[in-house]
Amino acid sequence: MAFDGGRGVSTFRRLALWVGLWFFAVLAITSVGGALMGAERASGMFGSTPGRLLWVLFATLLLMVLFCKPVSRSPALLALHAAPVLILAGAFLGSAPGHRVADALLHRQKASEGALLIFEGRAENLLVEPDRGVPLGRLPFSVRLDRFTVERYPPGPSDPQGEPPVRSYRSDVTVLLDGRPVQSASIEVNRPLHFGGYHLYQSSYGTLPATYTVLTVVSDSGLSLVYAGFILLGAGVFWWGWGEPILAHLRRRRGNGA
Amino acid sequence: MALKASLLGFLIYATMAGWLGALAAYAFGWRAKGRALALFASAAAAAAFGARWVGVGHVPMQSLFEVFLCLALLLGPLSFLWRRWLGKEGECTDALIALAILFPAGFVFSEAPAQLPPALFSPLFIPHVAAYLLAYVILIRSSLAAGAQLLRRADAPEAEPVYRLARLGFPLLTLGLLLGAWWGKLAWGDYWNWDPKELWSLTTWVVFAGYFHLHSLEERGGGRLSAAVALLGGVCILITLLWVNLAGRTFPGLHAYTGP
């Protein structure tokens with residue numbers, strides 16, 4: 001029954017592989033469904049109660065597999081199977097339910113996500129719901145928009161009327177803690193600001209009634225776990241896919257040479 | 001359908017002619033001549049890619065036209081890398097794949113450059129797209145080898161090209177996914193947005209992960225069921241690659257940066 005190091009497959013291993021395969025099948029089918037229904041409804045489906053149950057089952061299966069041969073014997077396979085658990089745990093900590101749990105346990109108030117709408121020259125700490133502007137709460141710090149800049153492509157023949165496409169836009173901001181400036185930064189697309197447990201992203205802007213910027217504010221809870229999972233997954237998959245075959249090849253060559 | 005009357009068009013057609021010649025040479029059993037022609041085609045593909053780079057002033061990996069150009073560039077060196085695994089038949093198939101990639105680039109897609117939107121200015125742009133393209137070429141090759149195995153109605157030969165190619169390409173597929181997630185975090189505020197293209201690429205990843213699990217479950221590996229899954233993975237890649245352009249109007253997503 002025991003795994004013999006060759007192609008012999010023990011009963012538990014066979015079972016775990018089949019359960020894993022069924023999970024893959026469910027994930028593949030639901031994610032095709034999600035691609036057809038659009039991001040918003042897909043997010044709702046994977047975040048629903050059955051969706052969450054599936055993630056918990058998946059993480060449990062992965063944790064069990066970590067203690068079974070041959071996974072437990074191979075550093076690459078260990079990394080590959082542990083990484084998704086880290087990513088799922090980090091994703092939970094970063095989600096709205098994860099924040100509610102952490103708020104209750106740690107006696108704190110931290111929003112998981114929201115938007116800051118700041119007029120040029122003003123400071124703001126009111127976090128709103130991005131689509132409808134419903135207030136969500138106040139940040140422990142304020143952000144002042146010192147200057148907002150839009151850079152456009154030079155006008156070309158392809159856009160005879162109207163303005164040429166936007167090349168970049170940028171918010172120069174100052175973070176205020178208890179009214180005192182503590183940090184100045186430029187926030188651009190691809191270049192968020194990290195402050196006080198939140199990332200602030202350049203998300204949108206407008207000019208009516210006056211120039212304003214919209215920053216998306218996202219809590220960084222769980223993010224380091226997710227990134228640790230990414231690194232582990234990347235390292236594991238290259239070690240398994242490239243490292244192991246190359247080592248085996250070298251060993252064979254040395255064997256033949258001797 | 002339109003001919004491209006430009007230096008770029010000429011280089012694309014020269015690449016196609018090279019692969020066509022290589023295909024004919026392989027068919028006649030002239031392997032050395034075939035390889036020389038494949039080498040010529042690879043050089044022409046590199047020249048086409050370089051000409052496009054100079055022409056648009058950024059690494060040409062943005063529109064579908066440029067992506068196909070890049071795929072064609074990668075195929076030559078990769079074909080050289082894996083020809084020991086695939087044998088004589090493999091070289092013929094590689095030439096056919098090259099022609100299939102180059103046909104839309106040469107006759108269908110428009111070469112008009114587009115101006116990059118702000119989100120694409122990132123040092124992660126090139127690694128993300130390059131990892132994916134490399135992975136796609138390798139995994140589609142694996143998928144085609146799986147299709148050939150299914151057609152032969154046989155279990156895999158000793159060398160198991162399907163498995164070896166999939167194992168070579170899967171780390172790159174994972175890398176592309178991870179770099180994309182990291183970039184998404186920087187650009188959009190979240191590493192996962194349930195965007196249709198993300199979900200298609202997740203499907204592809206899951207199908208290949210399933211292939212490896214199935215492969216380790218089969219007694220000797222290389223059975224017909226796992227080959228069918230590898231073939232399915234190739235189909236998923238094609239859908240992922242073309243999704244934004246095929247369904248962009250019906251299901252727009254975050255990855256819809258340019259037209260076809």
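Reminder, nothing fancy here: chain letters follow the sequence lines and each chain counts from 1. Bear in mind the structure is a predicted one, so any value in this text is a computation, not a measurement.
Applying the salt bridge (charged side-chain N to carboxylate O under 4.0 Å, His left out) test to residues at least two apart or on different chains, the pairs with a partner in residues 241-250 of chain A are A:Glu244-B:Arg167. Sorted by first and then second residue, the salt bridge (charged side-chain N to carboxylate O under 4.0 Å, His left out) pairs involving residues 189-200 of chain A (not counting sequence neighbours) are A:Glu188-A:Arg191.
In this structure, A:Arg41 places its CZ atom where only 12 or fewer heavy-atom neighbours from other residues, nucleotides or ligands lie under 6.0 Å away. More than 12 heavy atoms of other residues, nucleotides or ligands lie within 6.0 Å of CZ in A:Phe23, so this atom counts as buried by the packing criterion. More than 12 heavy atoms of other residues, nucleotides or ligands lie within 6.0 Å of CH2 in A:Trp55, so this atom counts as buried by the packing criterion.
Highest contact tally toward chain A, considering only B:Ala209, B:Cys236, B:Gly189, is held by B:Gly189 [criterion: heavy-atom pairs under 4.5 Å]. The choice from B:Leu168, B:Leu202, B:Leu175, B:Leu124 that makes the most heavy-atom pairs within less than 4.5 Å of chain A is B:Leu168. Among B:Val206, B:Asp190, B:Val207, the residue with the largest count of heavy-atom pairs under 4.5 Å with chain A is B:Val206. In terms of non-hydrogen atom pairs under 4.5 Å with chain A, the most contact-rich of B:Leu172, B:Val229, B:Thr204 is B:Leu172.
Only the side chain of A:Leu223 comes within contact range of chain B, with at least one heavy atom under 4.5 Å from a heavy atom of that chain. In this structure, no portion of B:Leu177 lies under 4.5 Å from any heavy atom of chain A. Using a 4.5 Å cut-off between heavy atoms, A:Ser43 contacts chain B through both its backbone and its side chain. For A:Trp239, no part sits under 4.5 Å from any heavy atom of chain B, backbone or side chain.
You'll find the side chain of A:Leu21 reaches within 4.5 Å of the side chain of B:Leu217, heavy atoms only. When side chains are defined from C-beta on, A:Arg13 counts as touching B:Ser216, because their heavy atoms get closer than 4.5 Å.
Contact record, B:Pro171 with A:Gly241: CG-CA, 3.9 Å, taken as the closest heavy-atom pair. Closest of all the heavy-atom pairs between B:Ala187 and A:Val189 is O-CG1, 4.5 Å.
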Worked check of ring-ring contact (aromatic ring centres under 6.0 Å, His included) between A:Trp242 and B:Phe170 = CA-CA 10 Å; A:Trp242 293 13; B:Phe170 190 69; over 10 Å; no
Quick one: do B:Trp182 and A:Phe230 satisfy ring-ring contact (aromatic ring centres under 6.0 Å, His included)? Show the steps, please.
-> CA-CA 9 Å; B:Trp182 185 22; A:Phe230 283 3; 9.1 Å; no
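Once rounded to the nearest 0.5 Å, the distance linking CZ of B:Phe212 with CG of A:Leu17 reads 13.5 Å. The distance from the CG atom of A:Leu27 to the OG1 atom of B:Thr203 is 7.5 Å, given to the nearest 0.5 Å. Distance CG/B:Leu178 to OH/A:Tyr227: 11.0 Å, rounded to 0.5 Å.
B:Trp200 places no side-chain N or O within 3.5 Å of a backbone atom of A:Val32 that could act as its donor or acceptor partner. When atom types are taken as modelled, the side chain of A:Ser31 and the backbone of B:Leu199 share a donor-acceptor pair closer than 3.5 angstrom.
Taking the six-membered ring wherever Trp is involved, the centroid distance between the rings of A:Phe24 and B:Trp205 does not fall below 6.0 Å. A centroid separation of 6.0 Å or more is found between the aromatic rings of B:Trp188 and A:Tyr201.
In this structure, B:Trp194 and A:Phe46 have parallel ring planes: the angle between them is below the 30° cut-off, well short of the 60° mark.
Shown are A:Val226, A:Asp220, A:Val218; of these, the side chain to side chain contact (heavy atoms under 4.5 Å, CB included) with B:Lys185 is made only by A:Val218.
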